[in-house]
J.: 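For reference, the structure I am asking about is given below.
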Amino acid sequence: MPTIANEKYEAVIGLEVHAQLLTDSKAFAPVSSEYGGAPNTQVTPLCLGHPGTLPVLNENLVRYTIKMGLATNCKVAEKSIFARKNYFYPDLPKGYQISQYETPICYDGHIHIELDDYDKRIGLTRIHMEEDAGKSIHDQDPYHTLIDLNRAGTPLIEIVSEPDIRTPAEAYEYLKKIKQIVQYLEVCDGNMEEGSLRCDANVSIRPRGQEEFGTRTELKNMNSFRNVERALTYEIERQIDLVESGGEVVQQTLLWDPNKLETRQMRSKEEAHDYRYFPEPDLPPIIVTSDLLDEIKEELPELPDVRFERFVKDLGLKEDDAEILTESRYLADYFEEALDILDDPKAIANVVLTEVLRVLNEKSISILDFSITPERLTELIQLKKDDKINSSAMQSIFNEMLENGESPLELAKKMNLIQVSDSGFLEPIIEDVIESNPDEVKRYKEGKKALIGFFIGQVMKESKGKANPKLVRELISKKLELN
Amino acid sequence: MSVTKDDVQYVANLARLQLTDEEAENFKEDMNDILGYIDQLNELDTEDVEPLEHVTEITASKFREDEAKEPISHDDALKNAPDADSDYFRVPRVIE
């Protein structure tokens, strides 16, 4: 099962995931937290850490965190408090980060992950609310560090797993699941490359069968799913080699270098943690009433596992197909919008999984930016169902539709792809094909019935793809029997 | 438990304070006095008493509506900074 084949040792991994929330305003200040504004334009005196300012809690920070908690089977604390995490860094102008420490708002949850040959439940220790720091830029000015405080105060949740993960592959699946859930809930866009989802890992090894944990190291700076898997594989192997050669693992923080594909030690200065947490006096305790909790439960969308089950059981899709369709909420939404118009799950799934996904991959775009609406896609599928076009024509029209907003029927006419089911048009072609291939006709008559495909192909070619293959088959076999 | 002068210097360092030897000595005494008072409080049985994190009775079950309003101007944002360029706050280089 483990991806790292080692009979003697197993790894123990816990992940901390930070997710940037898609709120309209910051955690404690009524100003936009959107990405990409000009430097230091999305700020208030509070974001700048000016004296005399006071934080006021954004309701969606609470709601989104509870949503995530409920979706991951967490308990929700009736009362929790914020705490100050104290440290000095220029992009943290207050000198402390508002976070939660002893009383996270959500705790004690779990999610399920699926691997090739087994399923597993991974426990969640806690999900807590906090604010992001600003951005430090070290490479633009040779003598200074530049500070942009637009991001300061952006709402984050930190999702902490139990040390239940045993292999890099499990860590990968766990992250994929977290990403899928935040996207389904629409609380975070889940983009790891852009930093809206960030992951740190605690890793240790122990001899198989041993209960007690080994000394752990902390891995940071893994900015993609693949890098998490690679960094963990590297670090586990490093620890095993170290112990096997008689050394000992030292507790430390390591940075993953995605270019060199190795971990390196953080300087001790960056590591000196003593955060002196204490209760945040400027924010009252957060009380989650049962009314609020009920309201949020009502708002929860259908979650990926449930949707997958429904696609398989109620719509009769294959498990593999249902898994791909439900991986992203938006792809599943697209599929279901089409399904609302045309009740043929398999036909729609087929086009979405082949044509639509091919284009999304080729262009590296999301389904949200895909140019063909579900309505137009169903019009195209309907043409095929009505035998107005054949499969290869469907593909050509689909490709044309990417750039051209005309209706599939109009395009089919323009491209001269409307299937011809007129035997008056087809019969001369068929006769031609039979006359010019006497050898094949002979072999067909001697019993080589598979040659029917050859004849159909010839007729399709002569008709420039417009012939209705079903009708062609019928006409040809009739003709050949008579001949 | 009592505070040593090293503890005082450690805490001062975390707070980015530079203390003279004499100041550290004074703080050591002050802090030990405070901890002595805490020890006195510890004599009370607080087993069934909830910790008090806030001195007011206010709790938040209503929150701020998630709405973005106008930020302050970029000029105002940088106005009080000891050093800035046209876009950013400027601080001494953090890494070599």
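Source: prediction; values computed, not measured.
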J.: Pairing donors with acceptors under 3.5 angstrom, does anything connect the side chains of B:D66 and A:S25?
T.: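 There is such a pair (donor and acceptor under 3.5 Å, judged by atom type) between the side chains of B:D66 and A:S25.
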J.: For chain A, which residues of residues 80-92 of chain B have at least one non-hydrogen atom nearer than 4.5 Å to it?
T.: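 Residues in range: B:N80, B:D83, B:D85, B:D87, B:Y88, B:F89, B:R90, B:V91, B:P92.
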J.: Any carboxylate oxygen within less than 4.0 angstrom of a Lys/Arg side-chain nitrogen, looking at A:K79 and B:E50?
T.: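 Judged by the 4.0 Å cut-off on N to carboxylate O distance, A:K79 and B:E50 do not form a salt bridge.
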J.: As an exercise: rank A:I137, A:T44, A:N60, A:N86 by heavy-atom pairs under 4.5 Å with chain B and give me the winner.
T.: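 Maximum pair count with chain B is reached by A:N60.
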J.: What is the distance from atom CG of A:N40 to atom CG of B:D76, rounded to the nearest 0.5 Å?
T.: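 Going from the CG atom of A:N40 to the CG atom of B:D76 covers 12.5 Å.
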J.: Got a second to check how far A:N58's CG is from B:E67's CD, nearest 0.5 Å?
T.: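 Going from the CG atom of A:N58 to the CD atom of B:E67 covers 10.5 Å.
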J.: Considering only heavy atoms, give the residues of residues 27-35 of chain A separated from chain B by less than 4.5 Å, sorted numerically, with 'none' for an empty result.
T.: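 Contacts with chain B: A:A27, A:F28, A:A29, A:P30, A:V31, A:S32.
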J.: Less than 4.5 Å apart, any side-chain heavy atom of B:R93 and any of A:Y143?
T.: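 B:R93 vs A:Y143: side chains apart.
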J.: Can you say whether A:D141 sits under 4.5 Å from chain B via the side chain, the backbone, both, or neither, judging by heavy atoms?
T.: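 Contact with chain B: backbone and side chain both.
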J.: A:D108: what forms a side-chain contact (heavy atoms from CB on, under 4.5 Å) with it, not counting sequence neighbours?
T.: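 So A:D108 forms a side-chain contact (heavy atoms from CB on, under 4.5 Å) with A:K75.
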J.: Run A:L61 and B:F63 through side-chain contact (heavy atoms from CB on, under 4.5 Å) and show every step you take.
T.: CA-CA 10 Å; A:L61 172 51; B:F63 313 102; over 6 Å; no
J.: Of the backbone (N, CA, C, O) and the side chain (C-beta and beyond), which part of A:L149 lies under 4.5 Å from a heavy atom of chain B, both, or neither?
T.: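 The side chain, not the backbone.
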J.: Would you mind telling me which of A:H144, A:E280, A:H50 has the largest number of heavy-atom pairs within less than 4.5 Å of chain B?
T.: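 Among A:H144, A:E280, A:H50, the one with the most close pairs to chain B is A:H144.
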J.: In Å and rounded to the nearest 0.5 Å, what is the CG to CD1 distance from A:L46 to B:I72?
T.: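 So the gap between those two atoms works out to 10.5 Å.
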J.: Between A:P279 and chain B, with a heavy-atom cut-off of 4.5 Å, which part of the residue counts as in contact: side chain, backbone, both or neither?
T.: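 The side chain, not the backbone.
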J.: Side chain, backbone, both or neither: which part of A:V43 has an atom under 4.5 Å from a heavy atom of chain B?
T.: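 Its backbone and side chain both get close to chain B.
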J.: With a strict 4.5 Å heavy-atom criterion, list every residue of residues 89-104 of chain A that contacts chain B, or say none.
T.: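 A:Y89, A:P90 fall under the 4.5 Å cut-off.
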J.: Walk me through it: do B:L14 and A:Y87 pass the test side-chain contact (heavy atoms from CB on, under 4.5 Å)?
T.: CA-CA 8 Å; B:L14 285 176; A:Y87 66 94; over 6 Å; no
J.: If you count the non-hydrogen atoms of other residues, nucleotides and ligands that lie under 6.0 Å from CD in A:E78, is the total more than 12?
T.: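 Open.
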J.: Does the side chain of B:R64 reach to within under 4.5 Å of the side chain of A:E59, using non-hydrogen atoms?
T.: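 SC-SC contact between B:R64 and A:E59 ruled out.
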J.: Donor-acceptor pair, B:H54 side chain versus A:I81 backbone, under 3.5 Å?
T.: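 No; judged by distance alone, with no hydrogens or angles, the pair does not exist.
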J.: Could you check which of A:P281, A:A38, A:C47 has the highest count of heavy-atom pairs closer than 4.5 Å to chain B?
T.: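 Looking at each option in turn, the highest pair count goes to A:P281.
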J.: Looking at B:E70, B:E53, B:E65, which makes the most heavy-atom pairs under 4.5 Å with chain A?
T.: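 Looking at each option in turn, the highest pair count goes to B:E53.
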J.: Give, as side chain, backbone, both or neither, the part of A:R276 having an atom under 4.5 angstrom from any heavy atom of chain B.
T.: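 Just its side chain gets close to chain B.
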